Amino acid sequence: YKKACKVYSGVDESKLLPLSDNERKNLKGLWNIDEEKIIVAIHSRIAAIKNHILVAEALNKLPPQQREKIVVVCSGDTNSLYYKKLAAKIAEYNLQHNFRFVGWCDSRDILGIADIMIAPSFKEGFPLNVVEAFLMKVPVARSKTGGYEDQKFCFPISERNCGDVVKILEDFCNGEAEKYRAN
């Protein structure tokens with residue numbers, strides 16, 4: 001028992017400390033993100049089941065002046081057919097300047113610069129990225145798939161209709177992000 005330690009769902013909270021201002025500035029510079037942008041994180045593999053296209057559809061529905069305020073940072077490998085489909089949809093909507101694909105990265109980095117994490121998956125178990133976001137004090141909007149009831153304090157979104165994501169993005173653009181932050 002002396003060697004036992006508490007681990008939250010397999011996530012090491014000691015590695016998920018807030019970024020310093022300098023770390024945030026450096027990452028934003030590395031990923032070509034202006035300081036004033038609203039940052040949406042999609043922290044998962046890039047696969048059809050994760051439904052990144054829903055976020056592109058939501059961005060496309062925003063008026064241009066709101067769309068310009070947002071950058072979506074996506075982790076994961078871009079070597080897949082789904083990534084090509086996603087990139088084609090982003091190009092169709094002319095949203096290339098709104099998306100950054102940063103490859104696999106530390107959860108602390110992507111969540112440390114995020115204003116919100118969105119997870120519009122079609123299917124999930126108990127996503128650890130949500131636990132990581134909670135530990136980083138990043139609000140989470142996610143679909144009501146597996147594990148949703150066990151991860152209280154997420155904001156529910158539909159995985160089939162982008163209206164919920166549009167509303168959340170509008171709230172952030174209109175200065176109403178505070179209602180998504182934990183007390």
Side-chain angles (χ1 to χ4, degrees), residues 4-19 27 38-59 61 70-83 85-86 89-90 99-172 176-183:
C5 65
K6 180 170 63 173
V7 178
Y8 294 118
S9 301
V11 174
D12 182 355
E13 76 268 20
S14 70
K15 295 186 182 203
L16 294 168
L17 301 172
L19 298 179
L27 279 169
I38 297 163
I39 300 175
V40 174
I42 304 177
H43 184 43
S44 67
R45 69 186 192 276
I46 300 173
I49 200 164
K50 298 298 185 177
N51 199 20
H52 294 65
I53 286 176
L54 185 95
V55 177
E57 290 169 349
L59 268 176
K61 291 194 180 294
I70 298 170
V71 171
V72 180
V73 180
C74 303
S75 62
D77 186 1
T78 56
N79 253 347
S80 71
L81 291 175
Y82 180 73
Y83 169 76
K85 182 178 176 182
L86 173 61
K89 186 60 73 175
I90 289 168
F99 280 82
R100 304 292 185 280
F101 293 92
V102 299
W104 290 115
C105 63
D106 284 343
S107 296
R108 181 176 179 261
D109 291 345
I110 191 169
L111 296 172
I113 65 165
D115 294 297
I116 188 166
M117 185 181 91
I118 297 182
S121 299
F122 288 115
K123 186 177 180 182
E124 280 292 352
F126 184 87
L128 294 180
N129 59 350
V130 173
V131 176
E132 292 169 333
F134 285 170
L135 290 168
M136 295 288 297
K137 306 216 181 316
V138 175
V140 176
R142 64 164 289 202
S143 52
K144 286 185 160 185
T145 54
Y148 181 83
E149 294 300 324
D150 298 320
Q151 294 178 322
K152 297 187 182 353
F153 311 112
C154 290
F155 297 91
I157 59 172
S158 169
E159 70 275 14
R160 304 269 176 213
N161 180 316
C162 68
D164 297 329
V165 176
V166 170
K167 174 67 174 122
I168 290 167
L169 296 178
E170 287 173 338
D171 287 347
F172 272 80
E176 298 174 27
E178 204 52 42
K179 64 184 174 184
Y180 295 94
R181 301 217 194 323
N183 293 329

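This one's a predicted model, so the numbers in the text were calculated from it and none came from an experiment. For reference, positions follow the sequence shown, starting with 1.
Counting heavy atoms from C-beta on, the side chains of Phe153 and Val140 never come closer than 4.5 Å. For the pair Phe134 and Val11, the minimum side-chain heavy-atom distance is 4.5 Å or more. A 4.5 Å side-chain heavy-atom check between Val166 and Glu57 finds every atom pair outside the cut-off. Arg181 places a side-chain heavy atom less than 4.5 Å from the side chain of Asp115. Here the side chains of Val71 and Arg100 are in contact, with some heavy-atom distance below 4.5 Å. Here the side chains of Ser107 and Leu16 are in contact, with some heavy-atom distance below 4.5 Å. Residues Pro127 and Gln151 form a side-chain contact, since some pair of their non-hydrogen atoms from C-beta on lies under 4.5 Å apart. When side chains are defined from C-beta on, Asn51 does not count as touching Ser121, because their heavy atoms never get closer than 4.5 Å.
Separating the CZ atom in Phe172 from the CD1 atom in Ile39 is a distance of 11.5 Å, to the nearest 0.5 Å. Taking CD of Glu170 as the reference point, atom CD1 of Ile70 lies at 9.0 Å (rounded to 0.5 Å). Atom CH2 of Trp104 and atom NE2 of His43 lie 7.5 Å apart (nearest 0.5 Å). With rounding to the nearest 0.5 angstrom, the CG atom of Leu111 is 8.0 Å from the SG atom of Cys105. Taking NZ of Lys50 as the reference point, atom OH of Tyr82 lies at 11.0 Å (rounded to 0.5 Å). Going from atom CG of Asp109 over to atom CG of Leu19 covers 6.5 Å, rounded to the nearest 0.5 Å.
The backbone N or O of Ser44 sits less than 3.5 Å from a side-chain atom of Ser75, completing a donor-acceptor pair. No side-chain donor-acceptor contact under 3.5 Å links Tyr148 to the backbone of Glu124. Arg108 places a side-chain N or O within donor-acceptor distance of the main-chain N or O of Pro18, the cut-off being under 3.5 Å.
For the pair Ile90 and Ala56, the tightest heavy-atom approach, listed with the atom from each and the gap, is CG1-CB, 4.3 Å. Of all heavy-atom pairs between His52 and Cys74, the closest is CD2-SG, 4.0 Å. Shortest non-hydrogen contact noted between Val55 and Pro120 is CG2-CG, 4.2 Å. The two residues Ile116 and Ala141 come nearest to each other via the heavy atoms CD1-CB, 4.3 Å. Nearest approach of Val102 to Val73, heavy atoms of both residues: CG1-CG1, 3.8 Å. When all heavy atoms are compared, the tightest approach of Lys123 to Ile49 is CB-CD1, 3.5 Å.
The distance between the ring centers of Tyr180 and Phe155 falls below 6.0 angstrom.
The pair Lys144-Glu149 fails the salt-bridge criterion, with no side-chain N (NZ, NE, NH1 or NH2) lying under 4.0 Å from an Asp/Glu carboxylate O.
A donor-acceptor pair shorter than 3.5 Å cannot be found between the side chains of Glu159 and Ser143.
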Practice prompt. Start with the C-alpha distance between Lys85 and Ile53, add both sets of side-chain angles, then the distance that settles side-chain contact (heavy atoms from CB on, under 4.5 Å), and finish with yes or no.
Written response: CA-CA 9 Å; Lys85 182 178 176 182; Ile53 286 176; 4.0 Å; yes

Worksheet item: Can Val130 and Met117 be said to form a side-chain contact (heavy atoms from CB on, under 4.5 Å), step by step?
Response: CA-CA 8 Å; Val130 173; Met117 185 181 91; 3.9 Å; yes

